[in-house]
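Each chain gets a letter, A, B and so on, in the order its sequence line appears, and its residues count up from 1.
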2 protein chains.
Amino acid sequence: MNIFLIEDNLVMQELLIEYLQNYGYSVEAFDDPILALEKLKNKNSCDLVILDLMLPKMDGFDVCKQIRAQSNIPIIISSARDNLGDKVVAFEHGADDYLAKPYEPKELLIRMDAIFRRVNGRTGVQKIGIFEIDDNKMQIIQDGHPLELTKIEYEILSLLLRHPNQVFSRSLISQHLNQELKDRAIDMHISNIRAKLFDDIKTPMFIKSIWGVGYKFIG
Amino acid sequence: MNIFLIEDNLVMQELLIEYLQNYGYSVEAFDDPILALEKLKNKNSCDLVILDLMLPKMDGFDVCKQIRAQSNIPIIISSARDNLGDKVVAFEHGADDYLAKPYEPKELLIRMDAIFRRVNGRTGVQKIGIFEIDDNKMQIIQDGHPLELTKIEYEILSLLLRHPNQVFSRSLISQHLNQELKDRAIDMHISNIRAKLFDDIKTPMFIKSIWGVGYKFIG
DNA sequence: TTTAAAATGTAAATTTTTTGTAAAGATTTG
DNA sequence: CAAATCTTTACAAAAAATTTACATTTTAAA
C-alpha cells in the first residue's frame, strides 16, 4: 500500500511517516503540493492521499479538487482547523474523511482501514508475504505484478496462500474448491501456476510438492 | 433516500428526524434495536443506518455486527463516548463513520453525503477515465460523446464503471440491478454495450470477460 | 548399490465448458 | 398497434479443463 503524504510541517511529517511505515505502509511525503501533484499524475501506484490544508503556494482545497479532477484516489484531510465550514468545503471537494488536528495517529490508521474496506469492498486485500489476494478483483499480485490466472488456478493458489505451510492433499484441494477434480488435473494446474510464478521445481520458492501426499505453499 | 435511525433517547430521535426530513430524507426511527433488526431483514429499502451505541437490551456493537452480517448498508455510529477504543471497535465491526456526541446535525448531514458519494459514486457528474456518468440525466458520456443506452444497459455499465477492476458475476449484476436476469440475457446486454462503446472483443479496452466468472471494467 | 514400482512434471492432444452474437420471439411502452 | 426494449435460442468460436503419454524423480526392497 502506497500512501502520499502532503504536509509541510516537517515534525508532523516525520512522525506520520514513521508511524505508517511501522504498520507496513510505504509513504511518499511532500511539503510542496505542486510537486506532489506532478508525481501523482505520472504515478498510478498511489492508494491514498493524506492532505494537510495549510500549505505553502497552494490552498489545500485546490489540491483536493485537482486530485479529484484526475482520479478517484481516496483523500483524507488532516487539518488544524476544526470547524464545520472547512469540513463542508472539504467533503464538497471530494474528500473521503476529515481529521482535525491534533489527532492520535491510531485514529488516522483506523479511518484509513475503513476507507480501504469501502474502496476494496468489505473483504479487503489480504497480504501474504510478497503476495496480495484481492477477492473482489479476483486477482493475485506477486511482488507488485498481477498474475494472469484462470478461475481454478486462482482458487487453488489462494487456498494454498491462505494456509502457508499446510500440506494439502489433492482430495483436500478438490473439497475446498467444491468440485471433483482428478488428481492429475490438479497436478496440471499446479504445474501451470508454478510456471506463472516462475517457480523453480528443483528448488521451489513458493509451491513445494510433498511426495505421496500433495502440495503446500512455503510460508 | 430511506434512513433507519436507531436511538433510544427520544429527544435526540425527534430532533434528528425533523432535521433529516427537512433535507428530504425519509426516516424510520427505532428505540428498540431488536425491532430495528427485524425490520431491516424484511425491508431492502434502507439506504443508511444511524446507530446509537447506548441501547437497551442489546449492545450497539452487536447491532452493528448483525447488520453487517446480512448486508452492506452504510452505518454511521452516533455515540456519547468519544474515545479511540470505541472508534476502533466500531470500525472493526464494519461501521462507515463515527460521530461523537454532541455533534451539530449539519456534520451528520455532510458525512452522510460523503458516504453516499462513495457508495453511489459521486453525486452529479462522476468522471471515470474517459467516461462521465450523469446520474440526473441518466446518461453516460464516452470521451465527450453521449451514449444511447437503454435503461438496463445504463445500469449495468454504470455499475461496472463505478467499480473499476472489480469482477462482477452475473448473479451479482442481477442483485445490484434488483431484478432477476438470466445469465445469457446479461451476456446479451454486455454484447450490446460493447458494440456501443466500439469495444474490441479480441483486445478489449473497456469490458473484459472473466472466463467462468463474469465481467469487469478495465480501470 | 542396483532396480523396479510408484509418484510426479509437463508438452501436446482432446474434451468440455463458457462466451459472442445474430436472429427470432416475447414483453413493455407510448 | 407500432416501436423500442428485453429475453431466449441456436450455433460458431474461444478458452479452460482434463486426459494422455512419456520423461523424470523418489522410494524402498533386493
A:Asp183 vs B:Gln179, nearer the 5' end of DNA chain D by closest nucleotide: B:Gln179

How do B:Lys202 and A:His189 order along DNA chain D: which one's closest nucleotide is nearer the 5' end? B:Lys202

Judged by each residue's nearest nucleotide on DNA chain C, which is more toward the 5′ side, A:Gly212 or A:Asn192?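 Between the two, 5'-proximity favours A:Gly212.
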
Need to verify one output field. Residue with the more 5' nearest nucleotide on DNA chain C, A:Arg170 or B:Trp211?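 Its nucleotide being nearer the 5' end, the pick is A:Arg170.
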
Using whole Å, report how far [atom1] of [X] lies from [atom2] of [N].
| X | N | atom1 | atom2 | result |
| --- | --- | --- | --- | --- |
| B:Asp187 | D:dA15 | CG | P | 15 Å |
| B:Phe206 | C:dG20 | CZ | P | 16 Å |
| B:Asp200 | C:dG20 | CG | P | 12 Å |
| A:Lys182 | D:dT18 | NZ | C1' | 9 Å |
| A:Tyr154 | D:dA16 | OH | P | 16 Å |
| B:Lys151 | C:dT27 | NZ | C1' | 14 Å |
| A:Met188 | C:dT15 | CE | P | 17 Å |
| B:Leu181 | C:dT28 | CG | P | 14 Å |

Charged N to carboxylate O below 4.0 Å: is that the case for [X] and [Y]?
| X | Y | answer |
| --- | --- | --- |
| B:Asp62 | B:Lys65 | no |
| A:Asp96 | A:Arg68 | yes |
| B:Lys216 | A:Asp134 | no |

Remember a base hit wins even if backbone is also touched, and classify [X] as base, sugar-phosphate or nothing at under 4.0 Å, heavy atoms.
| X | answer |
| --- | --- |
| B:Ile190 | nothing |
| B:Leu149 | nothing |
| B:Ile210 | sugar-phosphate |

Would you say C:dA7 has OP1 or OP2 under 4.0 Å from some side-chain N or O of A:Ser209? no

Answer yes or no: does a side-chain N or O of B:Tyr215 lie under 4.0 Å from OP1 or OP2 of C:dT18?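 No, no such contact exists.
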
Does a distance-only test, which skips hydrogens and angles, find a donor-acceptor pair under 3.5 Å between the side chain of B:Arg184 and the base of C:dT21?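 Yes, a donor-acceptor pair under 3.5 Å.
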
Regarding the side chain of A:Ser191, the nearest nucleotide among D:dT7, C:dT10, C:dT21 is C:dT10

Closest nucleotide among D:dA16, C:dT21, C:dT8 to the A:Thr150 side chain: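 Closest nucleotide to the A:Thr150 side chain: D:dA16.
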
Just so I know, are the side chains of B:Arg111 and B:Tyr103 near enough to count as touching, which here means a heavy-atom distance under 4.5 Å?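 Result no, sub-4.5 Å side-chain heavy-atom pair not found.
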
Please lay out, stage by stage, how B:Phe61 and B:Asp86 fare under the test side chain to side chain contact (heavy atoms under 4.5 Å, CB included). CA-CA 9 Å; B:Phe61 291 130; B:Asp86 278 348; 3.9 Å; yes

